[in-house]
Amino acid sequence: MSKVPSVIHWFRLDLRIHDNLALRNAINEAENRKHLLRPIYVLDPNIKSKIGVNRLRFLIQSLQDLDTNLRKLNSRLYILKGNPVELLPKFFDQWQVKFLTTQVDIDPEIVDQEEAVEKIAEEKDVFIIKRVQHTVYDVYSVLKKNNGAVPLTYQKFMSLVNDIQVKEAKDISKVVSDYCKPTDEDLDAYDVPKLEEFVDESTLTPCKYPGGETEAIKRLNNYMAKKQWVCKFEKPNTSPNSIEPSTTVLSPYLSHGCLSPKLFYHKLKEAESGMKHSDPPVSLMGQLMWREFYYTAGAGTKNFDKMVGNPICMQIPWVKKEEYIKAWAEGKTGYPFVDAIMRQLKQEGWIHHLARHMVACFLTRGDLWVSWEEGAKIFEDYLLDYDWSLNAGNWMWLSASAFFYKYFRVYSPVAFGKKTDKEGLYIRKYVPELKKYPTAFIYEPWKAPKSIQNTAGCIIGEGYPHRIVDHEKIHKENMQKMSSAYRMNKEKKAMKRSIS
DNA sequence: AATCAGGTTGGAAAC
DNA sequence: AGTTTCCAACCTGAT
C-alpha cells in the first residue's frame, strides 16, 4: 500500500501534455491535497491481436514520448497492463486513490470501460473529473443546441458552431509540482514497454510517421509556418496519389490525442488572420470541422458504427464475399490504382483522403458490393489515424448510406487517378510488378498486348491478377441495386409514418 | 403539407 | 482547354 494517497490522471486518447486540462486538474488537485500524482495508461496485453503493427508502433512511440515529457514535469507515466475495469479498482485501494481525471471520449468501447470504472469509483469514494479536450467543441452541447437532433449536413453543423467561442489551448509544460515526483515502490514494473516485446521489429516497414506529442508539435509548426500554403489549401485540389503526402498528415496525432484540436484550431486562426484564405469545407479549418461534424453525429446516433439499428443509415443488401474482401484488403483486385492505395495503407498506415474515397467506393457501391462495415474493420486495423466516429461516418458517406446520396457519382479505378498522376508513378511505386508497363497501360494493364506484357516482365493472370470485376459493367448494375435499395428504405419510412 | 434549393472533392460526352 | 449537361432523380433543411 502506498504511503501517500494518490491522484490519477487516466490517459486514453489524450497522449499529450499540452492543452490537457484534465491532467492540469490532476496536478492542481495533487498539490491542494498534498497527494501524489500518478499519470496512468492502461495497456491491453492482447493489443497485438487487436490492432495492426503500424498502429501499435505509433501507440508505443506516443507512450514513450509521453513518459519523456511527463518526466520533464518531475512525473512519469505508469503503464498498467490489463483490463481497466479489473485493474483500476485494485489500484484505487493500493494507491489510496481519492481523485481521478480523464478526458471525454465517445468510442463505445472506451465509454463502456469508463462507465464500469465510474460505478466502482463511486463505491470507493473516488471523485472523477472529465474534460472535453478531444474535440474543439463539446459535442453534447452542440446536439443540445440542435434540440437533440443530429445535424446531418455540414452546413447545418457549421451554423450550430458558428457563434461558439473556442477557449485558448492551455500550455502546462511549465507546471512542475513537487507532488508529481514518484516516491515509492517497484517503479520499473510500470515502465513503457518496448515495441520488440510485441513484435519482431525486423518484420516492420520503415517508420514514416513516428508517434508522439513532440513529433506532432514539430509537424504542426512546420506546416503552420507555410502561411501561404495554409491559406490557399483546398482539399479537392490536393493529390491522392503524390509520392509524398499532399496534405499535413496531422490526423494520426489528432486521433491519438498527441495533438490538441484546440491548439490546431488556434494555430490555423493565427495563420489565416489578416490574410485572404480558403474557407470550410475545403480549407484546412474545414478539415478540422469535418472531424467535429462526425464526432457530433457519432455521439448523437445509436449504433453509429453499424448498419442495422442505425437510424441514419440506409439499409442496403450488401453481400459478404470473403474472396472480394481479401483481394481488396491485400491490394490484389487487378485494378492497379486501387491496389496501390491498399498497399500504401498497409505499409505506411496513412493514405490521402481522396484515395480513401476511391477504395471505399470500390469496395461498396461502386464495384464489389461488400458492406461498408467490412471496409471499416480493415481501416481500423491499418490506419494510424483510425478514429471510431470518423471511420464509421466516412464509410457511410462513401457507400452513400448516410450524409451523401448521389450514388451515381462513382469513382472510376481507371480515370480517377489519372487526373493527378498521368504517368502512374504512384502505381509504379506501390505495385512494383507493373513498374515497367508503358504509361498507356499502367492503369489498365489487362489491355496491354501479350508482347508488351512480356517485355514489361509481368503477365496479367500470373505476376499480377486479372481484374476482379469489370468496372464498366458492374458499376451500372450496382447503381440499379442502389436505386432499388433506396426505394425500399423510402417505402419503409412511409409505412412507419402511416402507423404512427 | 408541399415545394424548393443545395449538397466537401465523379465521369463521359457534348459543347 | 474549359464549361455544361446528363447520369437518375437521392437526401436534408428551410420556408
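We name chains A, B, ... by the order of the sequence lines, and we start the count at 1 in each one.
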So for A:H357 and B:dT8, does any side-chain atom that can act as donor or acceptor lie under 3.5 Å from a complementary atom in the base? no
Using a 4.0 Å heavy-atom cut-off across all strands, classify A:K235 as base, sugar-phosphate, or nothing. base
Quickly work out the A:Q155 CD to B:dT9 C1' distance and round it to whole Å. 15 Å
May I ask you to check if A:R12 and A:W10 form a cation-pi contact, with NZ or CZ under 6.0 angstrom from the six-membered ring centre and within 45° of the axis? yes
How would you label the contact of A:T238 with the nucleic acid (heavy atoms, under 4.0 Å): base, sugar-phosphate, or nothing? nothing
Here the distance between atom C1' of B:dT8 and atom CG of A:L284, to the nearest Å, is 13 Å
Below 30° counts as parallel, above 60° as perpendicular, anything between as tilted: where do the rings of A:F379 and A:W328 land? parallel
Using atom P of each nucleotide, how far apart are C:dA8 and C:dT12 to the nearest Å? 22 Å
Give A:F403 one of three labels, base, sugar-phosphate or nothing, depending on what nucleic acid heavy atoms sit under 4.0 Å from its own. nothing
Within 45 degrees of the ring normal and closer than 6.0 Å to the centroid, is that where the cationic atom of A:K208 sits relative to A:W350? no
Would you call A:K306 and A:E373 a salt bridge, using N to O less than 4.0 angstrom? no
Gap between atoms CD and P, on A:Q287 and B:dT9 respectively (whole Å): 12 Å
Does the ring of A:Y223 carry A:K226 above it, NZ/CZ under 6.0 angstrom from centre and within 45° of its axis? yes
If you measure from the Lys or Arg side-chain nitrogens to the Asp or Glu carboxylate oxygens, is any gap between A:D421 and A:K418 under 4.0 Å? no
Determine the contact category for A:K419: base if any of its heavy atoms lies under 4.0 Å from a base atom, sugar-phosphate if only primed atoms, P, OP1 or OP2 are that close, otherwise nothing. sugar-phosphate
B:dG11 P sits how many Å from A:H471 NE2, rounded? 8 Å
How does DNA chain C read in dot-bracket, base by base from 5' to 3', with Watson-Crick or G-U pairs under 3.5 Å and | used when the partner is on another strand? .||||||..||||||
CE of A:M396 versus C1' of B:dG7: gap in Å, rounded? 18 Å
Is the shortest side-chain N to carboxylate O distance from A:K145 to A:D138 below 4.0 Å? no
Take the protein atom CZ of A:F157 and the nucleotide atom P of B:dG7, then report the distance between them rounded to whole Å. 18 Å
C1'-based separation of B:dA1 from C:dG13 [nearest Å]: 15 Å
NA contact type, A:E234, heavy-atom cut-off 4.0 Å: base, sugar-phosphate, or nothing? nothing
Rounded off to whole Å, could you give me the CE-to-P distance for the A:M358 and B:dG10 pair? 12 Å
What is the ring orientation for A:F304 with A:W388, classed by angle as parallel under 30°, tilted 30 to 60°, or perpendicular over 60°? tilted
Looking at residues 404-413 of chain A, who's got a heavy atom less than 4.0 Å off DNA chain B? A:K406, A:F408, A:R409, A:V410, A:Y411, A:S412
Please examine the side chains of A:F404 and A:L398, heavy atoms only from C-beta on, and report whether any two atoms are closer than 4.5 Å. no
Hey, which sits more toward the 5' end of DNA chain C by its nearest nucleotide, A:L152 or A:M479? A:M479
Measuring only the C1' atom in each nucleotide, how far is B:dT3 from C:dC7? A whole number of Å is fine. 24 Å
Charged N-O contact under 4.0 Å between A:K447 and A:E444: yes
Heavy atoms of chain A, cut-off under 4.0 Å: which first and last nucleotide of DNA chain C, 5' to 3', fall inside that, if you could look? C:dC7 to C:dA14
More than 12 heavy atoms of other residues, nucleotides or ligands under 6.0 Å from NZ of A:K435: is that the case? no
With a 4.0 Å cut-off on N to O distance, would you call A:E462 and A:K450 a salt bridge? no
